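What follows is one structure encoded as structure tokens, with my remarks underneath.
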Amino acid sequence: MASQIDELVFLPLGGSNEIGMNFNLYGFGPPHDRKWIVVDLGVTFGDQLTPGVDIILPDPSYIEEYADRILGIVLTHAHEDHLGAVAWLWPRLRAPVWATPFTAFLLREKLREADLLDEVEIHEVALGGKITLGPFDLELITLTHSIPEPNGLAIKTPLGTILHTGDWKIDPDPLLGAVTDQDAIRKLGDEGVLAMVCDSTNVFVDGTAGSESEVRETLIPLIGTMKGKVAVACFASNVARMDTAARAAEANGRRVCLVGRSMHRMAAAAKSVGLMQNLQPFITEQEARNFPANGVLYLCTGSQGEPRAALSRIADGTHPHVSLGAGDACVFSSRVIPGNEIPIRNLQNNLADRSVRLYTERDHPGIHVSGHPCRDELAQMYRWARPTIAVPTHGERRHLLEHVAFARDLQVPQQIAPRNGDMVRLAPGRAEIVDEVPAGRLFVDAGVVTPENGDALRERRHAAQNGMVAVSVVLDGRSRIVAGPAVKAVGLPTDDDYPLDEALHDLSEAAEDALKRLSGDDRDLDDKVETALSRAVKKASQRIWGRRPVVETTVLRV
Ligand SMILES: [Zn+2]
Ligand SMILES: [Zn+2]
């Protein structure tokens with residue numbers, strides 16, 4: 001007979017093994033009748049390895065089967081790696097969503113764009129508010145991070161309390177919003193925390209992340225030294241940083257011009273919850289052209305080298321309204337996110353080529369601080385919460401394992417680092433992995449959600465490496481060649497010793513020979529003809545170029 005005993009489980013379906021696409025599930029009840037809550041539903045971004053794929057989602061197939069048992073989706077904060085997948089995956093989960101006002105504002109924007117706004121039930125919850133979802137009593141705990149309204153969650157269940165930290169650091173002066181609610185965390189610790197599921201991003205970094213106020217103290221005088229136009233690149237979601245850049249501009253007699261769609265979107269979200277007040281109105285890109293060089297500060301998207309973002313277009317000289325050149329400065333108030341090294345290097349080289357002076361966190365410490373806890377902050381959090389079980393999340397494998405060792409050193413009685421898809425039973429008994437469920441990734445390819453490494457992407461990667469050859473042949477009613485085989489090559493090199501014409505001619509001959517070798521019956525079948533042509537062309541290409549290109553064949557009959 002199936003067990004009737006209630007269990008409390010944690011199941012990461014994203015966010016463990018890699019940074020990004022946080023998708024955490026908590027389950028309560030006997031195994032055959034678990035009730036679930038989802039905490040965060042984020043995306044990650046593609047890179048050079050996923051040409052044409054910008055957005056990557058966690059695969060929800062496992063929990064989709066139990067969608068009717070999902071009591072709610074709770075979002076800790078508005079970063080893309082925590083809410084970016086809602087609009088993509090909500091139709092497969094269909095549970096109500098809870099979020100604080102700033103997060104809810106941005107979520108609504110996304111759902112409106114996806115034409116889902118009328119379908120999704122969104123509950124706005126106040127900072128420090130409470131949510132009851134079946135056996136789960138949730139309490140929001142105000143933390144500090146690099147976006148407004150970052151929340152930790154105290155998840156109380158009949159089998160114990162979980163502190164799900166979400167993303168956090170301890171910023172003693174976050175500029176916008178309240179400081180970390182340490183009283184609430186200490187109180188939770190006094191009452192007893194069974195497990196703490198905690199951010200591992202900076203577990204290798206000693207000390208503390210630093211405060212947004214330090215960035216303000218650095219940027220105001222730094223911008224005062226600049227004579228020409230100034231561009232500041234930062235994440236638009238870091239509203240405190242936007243606010244700092246705006247105040248640094250004002251302190252130095254400059255007006256602020258927002259450049260890039262997400263800057264405008266975030267400014268609107270910030271204003272909706274009463275942030276970024278008492279600033280001079282922003283000027284438009286057109287207005288900025290009428291200001292002297294030392295009278296304007298451009299606040300730009302694109303700090304990660306995103307090709308379509310404002311800063312890349314400015315660096316390419318293709319931005320319609322904004323240009324930078326000799327005497328101007330660009331401040332990267334941001335860090336290099338792993339995976340973006342190459343586009344950022346290209347962007348900075350392009351700006352340098354225009355004689356723009358660059359300021360980065362490497363050469364000007366203090367113009368950026370991280371939003372995630374370093375080791376001193378992690379230790380502090382463990383001292384406040386005193387959990388029985390440490391469950392690291394939000395990191396690559398090496399971060400999670402380092403976090404396990406760190407928690408062990410702090411005398412946390414149990415530590416466990418699940419991979420995506422590992423179901424951890426937190427209670428009753430010692431924490432252990434009791435099941436492994438499918439937990440892959442989905443790729444958004446040209447707006448279509450596809451399996452990870454699906455055929456289209458595989459072919460595109462193959463073509464990018466090896467080029468492509470198209471072969472077409474026209475056959476008559478008796479399968480005799482009327483025209484062709486005609487061959488075209490894309491992305492294959494040629495040289496004077498062996499010009500392309502000759503190569504194509506050789507490929508065509510190879511195709512013709514293959515066709516002639518087919519028996520009469522086979523020649524009547526298009527797929528047999530296609531296979532023969534394709535094989536012959538691949539083999540000949542291997543001989544000519546040492547490569548096997550993607551081969552596309554077309555057989556026409558007249
Ligand atoms: Zn995150
Ligand atoms: Zn975050």
Side-chain angles (χ1 to χ4, degrees), residues 12-25 38-45 55-58 73-86 99-100 102-107 110 127 140-153 163-171 174-177 180 196-205 209-212 215 234-242 262 265-266 269-270 275 303-304 333-340 368-374 377-378 381 391-397 399-400 403 420 441:
L13 290 176
S16 295
N17 308 356
E18 79 282 276
I19 292 177
M21 38 175 241
N22 295 282
F23 184 19
N24 303 288
L25 287 120
V38 173
V39 176
D40 291 335
L41 191 46
V43 297
T44 191
F45 298 99
I55 295 174
I56 298 173
L57 311 168
I73 299 167
V74 183
L75 303 176
T76 60
H77 65 291
H79 274 147
E80 287 291 321
D81 60 324
H82 296 259
L83 72 55
V86 177
T100 55
F102 178 80
T103 305
F105 182 97
L106 289 164
L107 178 65
K110 282 182 175 289
L127 290 165
L140 271 58
I141 298 175
T142 295
L143 302 174
T144 53
H145 182 37
S146 46
I147 191 167
E149 301 184 1
N151 301 286
L153 300 175
L163 173 56
H164 180 99
T165 65
D167 293 1
W168 61 281
K169 66 175 182 179
I170 302 172
D171 190 335
L175 302 179
L176 305 181
T180 306
M196 182 161 91
V197 178
C198 182
D199 186 345
S200 309
T201 315
N202 280 340
V203 70
F204 287 104
V205 186
S211 171
E212 281 299 326
V215 179
C234 68
F235 277 118
S237 55
N238 191 335
V239 174
R241 197 69 57 83
M242 275 176 83
S262 56
R265 195 162 52 91
M266 283 294 167
L275 301 174
S303 67
Q304 298 303 308
S333 186
S334 57
R335 76 178 184 118
V336 176
I337 291 190
N340 296 340
H368 174 67
V369 292
S370 169
H372 298 274
C374 299
E377 289 154 289
L378 286 167
M381 185 60 95
V391 188
T393 183
H394 209 284
E396 296 165 22
R397 198 70 196 142
H399 295 91
L400 305 190
H403 193 155
N420 290 333
R441 310 194 295 172

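Keep in mind it's a predicted model, so treat the numbers as computed, not measured. Both ligands and their constituent atoms are indexed starting at 1 by order of listing.
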Notebook entry, point to check: So, the side chain of D81 versus the backbone of T44: is there a donor-acceptor pair under 3.5 Å, distance only?
Noted result: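 Pair absent, no side-chain N/O of D81 close to backbone of T44.
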Check: Do any N or O atoms from the side chain of T144 and from the backbone of K169 form a donor-acceptor pair under 3.5 angstrom?
Finding: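 Yes.
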Next item on the list: Using only heavy-atom distances, determine whether the side chains of S211 and D171 contain a donor-acceptor pair under 3.5 Å.
Entry: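 Indeed, the side chains of S211 and D171 share at least one donor-acceptor pair under 3.5 Å.
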Next item on the list: Taking atom types as modelled, find out whether T165 and D199 have a side-chain donor-acceptor pair closer than 3.5 angstrom.
Entry: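 There is no such pair (donor and acceptor under 3.5 Å, judged by atom type) between the side chains of T165 and D199.
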Notebook entry, point to check: Aromatic rings H79 and H77: how do their planes relate, parallel, tilted or perpendicular, breaks at 30° and 60°?
Noted result: perpendicular
Note to self: Could you report the tightest heavy-atom contact between H372 and H394, atom names first, then the distance?
What the structure shows: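 That would be CE1-CE1, 3.7 Å.
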Checklist line | the Zn ion (ligand 2): protein N, O or S atoms [distance under 2.8 Å] | finding: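 Protein N/O/S atoms under 2.8 Å of the Zn ion (ligand 2): H77 NE2, H79 ND1, H145 NE2, D167 OD2.
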